[in-house]
Amino acid sequence: MEENSEKQLNFLEEIIEQGLNDGTYKSILTRFPPEPNGYLHIGHAKSICLNFGLAKKYGGKTNLRFDDTNPVKEDTEYVDSIQNDIRWLGFEWAGVHYASDYFEQLYEWAEKLIMKGLAYVDDQTLDEIRQNRGTVTSPGKNSPYRDRSVEENLDLFRRMRAGEFEDGSKVLRAKIDMAHPNMMFRDPIMYRILHAHHHRTGDKWCIYPMYDYAHGQSDSIENITHSICTLEFDIHRPLYDWFIKQLEIYPSHQYEFARLNIDYTVMSKRKLLQLVKENYVSGWDDPRMPTICGFRRRGYTPESIRAFCDRIGVAKRDNIISYSLLEFSLREHLNKVAQRRMAVLNPVKLVIDNYPDNQEEMLTAINNPENENDGTRQVPFCRELYIERDDFMENPPKKYFRLSPGNEVRLRYAYFVTCQSVEKDADGNITCIHCTYDPATRGGDAPDGRKVKGTIHWVSARHAVDAEVRMFDRLFATEAPDEAPEGKTFLDNLNPNSLQVLHGCKVEPCLADDVKSNVTENGVAAPHRFQFERLGYFCTDPDCNDGHLVFNRSCTLKDSWAKING
RNA sequence: UGUCCUAUGGUGUAACGGUAGCACAUCUGACUCUGGAUCAGCUUGUCUAGGUUCGAAUCCUGGUAGGACAACCA
């Protein structure tokens with residue numbers, strides 16, 4: 001298995017191993033380069049796991065670099081959240097860098113390019129530049145300012161920096177080829193004038209470099225060996241290489257992989273921002289959001305997200321991963337580590353008529369059958385209990401193993417009970433189920449060896465604690481929410497039932513104590529996670545306070561009854 | 001009438017000229033004090049047409065399909 005997985009390398013691992021073997025580099029240095037203009041999402045997690053994971057695997061390092069070349073969109077709120085999320089995922093960077101740290105160097109290199117006759121100041125308007133760029137199938141036209149002298153360009157560029165010109169009145173362009181079949185080469189803009197306050201450099205600059213002029217050089221300055229990015233930058237690579245070549249600086253190389261897509265969700269920062277800003281969700285960390293902080297609040301573990309990223313692989317073809325793979329990764333981890341508790345989400349009262357009214361007892365429950373070290377706990381039991389409404393049917397279909405008139409089931413870790421009768425209200429709703437129990441089955445086993453097919457969970461009505469439980473479903477109702485018909489947008493694909501809040505749920509009393517301690521994960525606050533038996537995995541929400549318990553459903557258990565039942 | 005990238009089961013991803021494998025999903029069965037977990041098993045795939053070769057998922061050519069590129073965004 002080990003041997004096998006070592007042999008089956010993805011294309012990036014092959015590139016790295018080849019470079020290591022032929023001595024192109026002694027060790028590798030990667031970077032994760034987010035723009036601080038939004039929160040990280042699961043797609044970034046893929047990139048993080050790749051960049052940090054690859055470096056780790058080959059004994060290299062990874063820099064965190066904020067690509068902060070557009071002051072109007074960026075904010076320190078985002079740089080904080082990004083660092084938080086990377087740490088929580090379990091990765092540590094070698095150094096934190098900012099593209100803005102390199103503004104001075106970038107500026108000097110721009111002058112160098114001007115002096116080599118490879119850059120010029122263009123006075124055309126935005127519109128003119130657009131017009132003259134041509135289209136993908138037709139060549140562009142040279143700017144009338146394209147042949148200014150080196151001296152004039154230098155003078156103008158220095159005055160741009162000095163703040164003599166209005167926003168949008170001039171740009172610095174690389175002088176390449178306005179007829180190039182690759183649009184990226186049609187005299188790409190290197191600098192624009194932006195009299196805007198930058199979150200780090202303040203008002204020092206009024207000209208800011210464009211992505212193409214900043215990214216490769218930033219990689220080069222840091223001696224990044226492998227600059228790994230998503231496919232849409234593929235077409236930028238020749239430009240990336242061009243600047244490095246003309247500047248005669250360290251040759252970092254760019255490699256592209258296909259970004260992550262998951263069904264029933266959207267992955268664009270712009271759309272996620274819109275969901276937040278227009279209040280379709282409660283915030284960036286709404287548990288329905290595909291953001292890292294959303295998944296964290298939903299109860300996902302760093303381990304499960306890393307396992308997911310491992311499993312989806314990496315290649316260059318477009319892909320849409322099934323959400324169920326994410327849930328599988330979560331269940332796989334939580335099944336091993338989450339303690340079990342009993343909680344009744346939709347309670348109906350059950351009375352054991354032959355159990356003495358004045359009697360109470362404690363029963364022993366196993367905390368986690370997957371981990372003996374988690375031990376056991378005591379659960380209070382008495383004459384009156386709550387069970388799940390779904391666990392009783394007056395007229396059950398075939399193969400229904402749960403409680404029904406005359407049928408015997410096991411109350412988990414407690415007793416066998418048999419349903420004798422039900423009480424109903426005027427509308428015919430069941431208000432109370434009457435049972436008798438067999439005292440000999442204490443703990444859940446029958447000394448006479450008789451078996452029951454069904455085991456149901458319960459909580460003592462006298463001891464239960466109230467809780468609010470938030471049931472989440474997919475945020476979008478359609479598999480590919482980005483694909484909206486004419487006149488519609490992705491917002492029309494929102495699932496109106498993505499959140500269902502349940503009040504008056506009844507949970508085991510010990511949960512009230514469980515919730516009191518603080519949990520951190522890699523230094524970041526994290527929720528308590530439990531398996532509510534037979535229901536799914538749930539975690540505490542930050543909205544919990546002293547008198548009020550709030551749980552989020554992270555995911556359900558696999559439910560083969562639901563399948564049978566349709 | 002552009003340049004570039006991509007094409008393997010339902011979904012992902014391996015196979016590097018020599019037995020198409022793995023995971024998820026699906027379906028069967030076993031087991032079970034969670035209709036969970038676990039275990040065993042079944043079904044399902046090389047876009048297409050040529051070419052090279054003893055042999056092609058793999059190399060070559062054409063086609064088809066999908067994607068990226070025409071922000072003073074990244």
Side-chain angles (χ1 to χ4, degrees), chain A residues 1 4-5 7-10 14 33-35 37 67-70 72-74 99 122 125-126 129-130 133-140 167-173 180-186 189-194 207-208 210-212 214-215 229-238 256 258 263 269-270 310-322 324-329 331-332 335-336 340 342 365-366 369-370 399-402 410-414 416 443-445 451-457 531-536 556-565:
Chain A
M1 201 63 178
N4 219 13
S5 67
K7 277 182 188 167
Q8 298 187 347
L9 304 176
N10 64 50
E14 284 183 2
E35 183 188 11
N37 69 342
D67 222 338
D68 55 351
T69 57
N70 186 4
V72 302
K73 285 189 177 172
E74 295 150 8
D122 193 349
T125 63
L126 211 179
I129 290 178
R130 243 177 231 163
R133 185 148 32 216
T135 71
V136 289
T137 51
S138 61
D167 285 8
S169 59
K170 286 181 169 47
V171 291
L172 183 73
R173 290 234 249 174
H180 199 105
N182 180 344
M183 299 289 293
M184 302 311 303
F185 275 106
R186 320 251 262 228
I189 293 168
M190 295 164 59
Y191 274 91
R192 76 283 213 187
I193 301 172
L194 233 41
I207 56 171
Y208 290 93
M210 299 287 290
Y211 169 86
D212 284 300
H215 201 97
C229 63
T230 46
L231 244 35
E232 65 268 29
F233 292 100
D234 169 280
I235 199 152
H236 295 247
R237 186 177 357 101
E256 310 85 20
D263 56 9
K269 273 199 206 175
R270 201 203 95 236
D310 273 351
R311 242 183 290 256
I312 58 177
V314 53
K316 297 191 76 157
R317 62 192 102 110
D318 293 332
N319 61 85
I320 301 173
I321 307 285
S322 161
S324 64
L325 189 61
L326 202 38
E327 294 196 318
F328 168 80
S329 301
R331 289 192 191 108
E332 176 189 51
N335 177 48
K336 292 278 183 281
R340 314 280 118 137
M342 289 198 283
I366 294 165
E370 304 289 325
K399 291 197 197 162
Y400 185 81
F401 307 151
R402 285 112 96 151
R410 173 171 31 238
L411 294 174
R412 177 135 236 228
Y413 298 126
F416 287 13
D445 286 304
K451 302 281 182 197
V452 291
K453 194 77 174 152
T455 299
I456 65 174
H457 61 278
Q531 183 195 103
F532 289 170
E533 297 226 19
R534 302 209 304 131
L535 297 175
T556 61
L557 256 24
K558 278 174 75 174
D559 187 349
S560 46
W561 167 245
K563 266 174 209 156
I564 296 168
N565 203 29

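Per chain, numbering begins at 1; letters A, B, ... match sequence-line order. In this text, all values refer to a predicted model and were calculated from it rather than measured experimentally.
- The shortest heavy-atom contact between A/P238 and A/N182 is CG-ND2, 3.9 Å.
- Spacing of P atoms, B/rU1 relative to B/rC72, comes out at 27 Å, to the nearest Å.
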Can you give me the N/O atom pairs linking the protein to nucleotides 23-32 of chain B at distances under 3.5 Å, or say none if there are none?
from, atom 1, to, atom 2, distance (Å)
B/rU26, OP1, A/K563, NZ, 2.8

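- In this structure, A/S322 contributes its side chain and A/S324 its backbone to a donor-acceptor pair below 3.5 Å.
- Taking atom P in both B/rA15 and B/rA20, one finds a spacing of 16 Å when rounded to whole Å.
- Of the C1' atoms belonging to B/rA40 and B/rG50, the separation is 45 Å, rounded to the nearest Å.
- Within the 4.0 angstrom heavy-atom criterion, no nucleotide atom of any strand lies near A/P139.
- In terms of heavy-atom proximity, A/M184 sits nearest to A/I235 at CG-O, 3.3 Å.
- Here A/T69 does not reach the OP1 or OP2 of B/rC73: none of its side-chain N or O atoms lies under 4.0 Å away.
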* Can you give one letter per nucleotide of nucleotides 65-72 of chain B, going 5' to 3': B for a protein heavy atom under 4.0 Å from the base, S for sugar-phosphate only, - for none? -> --SBBBSB
Between N or O atoms, less than 3.5 Å apart, protein on one side and nucleotides 58-60 of chain B on the other: list the pairs.
none

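- Atom P of B/rU58 sits at a distance of 14 Å from the matching atom of B/rG9, rounded to the whole Å.
- The nearest heavy atom of RNA chain B to A/R237 and to A/Y413 marks one nucleotide each, and the one closer to the 5' end goes with A/R237.
- For the pair A/D68 CG and B/rC73 C1', the computed distance is 14 Å after rounding to whole Å.
- Atom CD1 of A/I320 and atom P of B/rU13 are 11 Å apart (whole Å).
- Among all heavy-atom pairs drawn from A/E332 and A/K336, the shortest one is O-CG, 3.6 Å.
- Taking CG of A/D212 as the start and CZ of A/F185 as the end, the distance is 9.5 Å to the nearest 0.5 Å.
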* Derivation and outcome, side-chain contact (heavy atoms from CB on, under 4.5 Å), residues A/Y211 and A/H236 -> CA-CA 10 Å; A/Y211 169 86; A/H236 295 247; 4.2 Å; yes
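- Separating the C1' atom of B/rA7 from that of B/rU46 is a span of 10 Å, rounded to the nearest Å.
- Atom NZ in A/K316 sits about 13 Å away from atom P in B/rC4, given to the nearest Å.
- When all heavy atoms of A/R311 and A/L325 are compared, the pair lying nearest together is CD-CD1, 3.8 Å.
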* Asked: Does the pair A/I321 and A/L326 meet the rule for a side-chain contact (heavy atoms from CB on, under 4.5 Å), with working shown?
  -> CA-CA 9 Å; A/I321 307 285; A/L326 202 38; over 6 Å; no
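- Between the side chain of A/R331 and the main chain of A/G536, no donor-acceptor pair closer than 3.5 Å is present.
- The OG1 atom of A/T556 sits 14.0 Å away from the CZ atom of A/F532 when rounded to the nearest 0.5 Å.
- One N or O on the side chain of A/R410 and one on the backbone of A/G444 form a donor-acceptor pair closer than 3.5 Å.
- Residues passing the salt bridge (charged side-chain N to carboxylate O under 4.0 Å, His left out) test with A/D122, sequence neighbours excluded: A/R173.
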* When Watson-Crick pairs (N1 to N3 and N6-O4 or O6-N4) and G-U wobble pairs (N1-O2 and O6-N3) count only below 3.5 Å on both distances, what is the dot-bracket string of RNA chain B, with | for other-strand pairs? -> .((((((..((((....[..))))..((((.......)))).....(((((..]....))))))))))).....
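- Among the protein residues, A/D445 comes within range of the nucleic acid bases, having at least one heavy atom under 4.0 Å from a base atom.
- With hydrogens and angles ignored, no donor-acceptor pair closer than 3.5 Å exists between the side chain of A/R534 and the base of B/rG35.
- Put simply, A/R317 has a side-chain N or O that comes within less than 4.0 Å of OP1 or OP2 on B/rA14.
- The gap from the C1' atom of B/rG35 to that of B/rG67 amounts to 43 Å, rounded to the nearest Å.
- Taking the C1' atoms as reference points, B/rG21 lies 14 Å from B/rU44, given to the whole Å.
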* Pair A/I366-A/Y413, side-chain contact (heavy atoms from CB on, under 4.5 Å): steps then yes or no -> CA-CA 8 Å; A/I366 294 165; A/Y413 298 126; 3.5 Å; yes
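- To the nearest whole angstrom, the two C1' atoms, one in B/rG41 and one in B/rC60, are 42 Å apart.
- Side chain of A/Y400, nearest nucleotide from B/rU6, B/rG35, B/rU34: B/rG35.
- Between A/R237 and A/E256 there is a salt bridge, since a side-chain N of the basic residue sits under 4.0 Å from a carboxylate O of the acidic one.
- Using a 4.5 Å heavy-atom cutoff, the side chains of A/I129 and A/R186 are not in contact.
- Distance CD (A/Q8) to P (B/rC22): 10 Å, rounded to an integer number of Å.
- Atom P of nucleotide B/rG10 and atom CD1 of A/I321 are separated by 16 Å, given to the nearest angstrom.
- The phosphate of B/rC73 (OP1 or OP2) has no side-chain N or O of A/R270 nearer than 4.0 angstrom.
- Residue A/E256 is out of contact with every strand shown, counting any heavy-atom pair closer than 4.0 Å.
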Output one line per pair: protein atom, nucleotide atom from nucleotides 38-45 of chain B, and distance, for all N/O pairs under 3.5 Å.
none

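- The shortest heavy-atom contact between A/D67 and A/E74 is O-OE2, 3.5 Å.
- Under a 3.5 Å cut-off, the side chain of A/R340 and the backbone N or O of A/R534 do not form any donor-acceptor pair.
- A straight line from CG of A/N319 to P of B/rG9 spans 13 Å, rounded to a whole angstrom.
- As a whole-Å value, the separation of A/L557 CG from B/rU34 P is 11 Å.
- One atom, CD1 of A/I564, and another, P of B/rG35, lie 11 Å apart when rounded to the nearest Å.
- Of all heavy-atom pairs between A/T135 and A/M183, the closest is O-SD, 3.5 Å.
- Aromatic stacking is not marked for A/Y211 over B/rA74, as the cut-offs of 5.5 Å for the centres and 30° for the planes do not both hold.
- At a threshold of 4.0 angstrom between heavy atoms, the contacts of A/V314 are confined to the sugar-phosphate backbone, with no base atom among them.
- At the heavy-atom level, A/R186 lies nowhere under 4.0 Å from the strands shown.
- Because its glycosidic torsion is more than 90° from 0, B/rA49 is reported here as anti.
- A/V171 has its side chain out of reach of A/M210: every pair of non-hydrogen atoms, C-beta onward, lies at least 4.5 Å apart.
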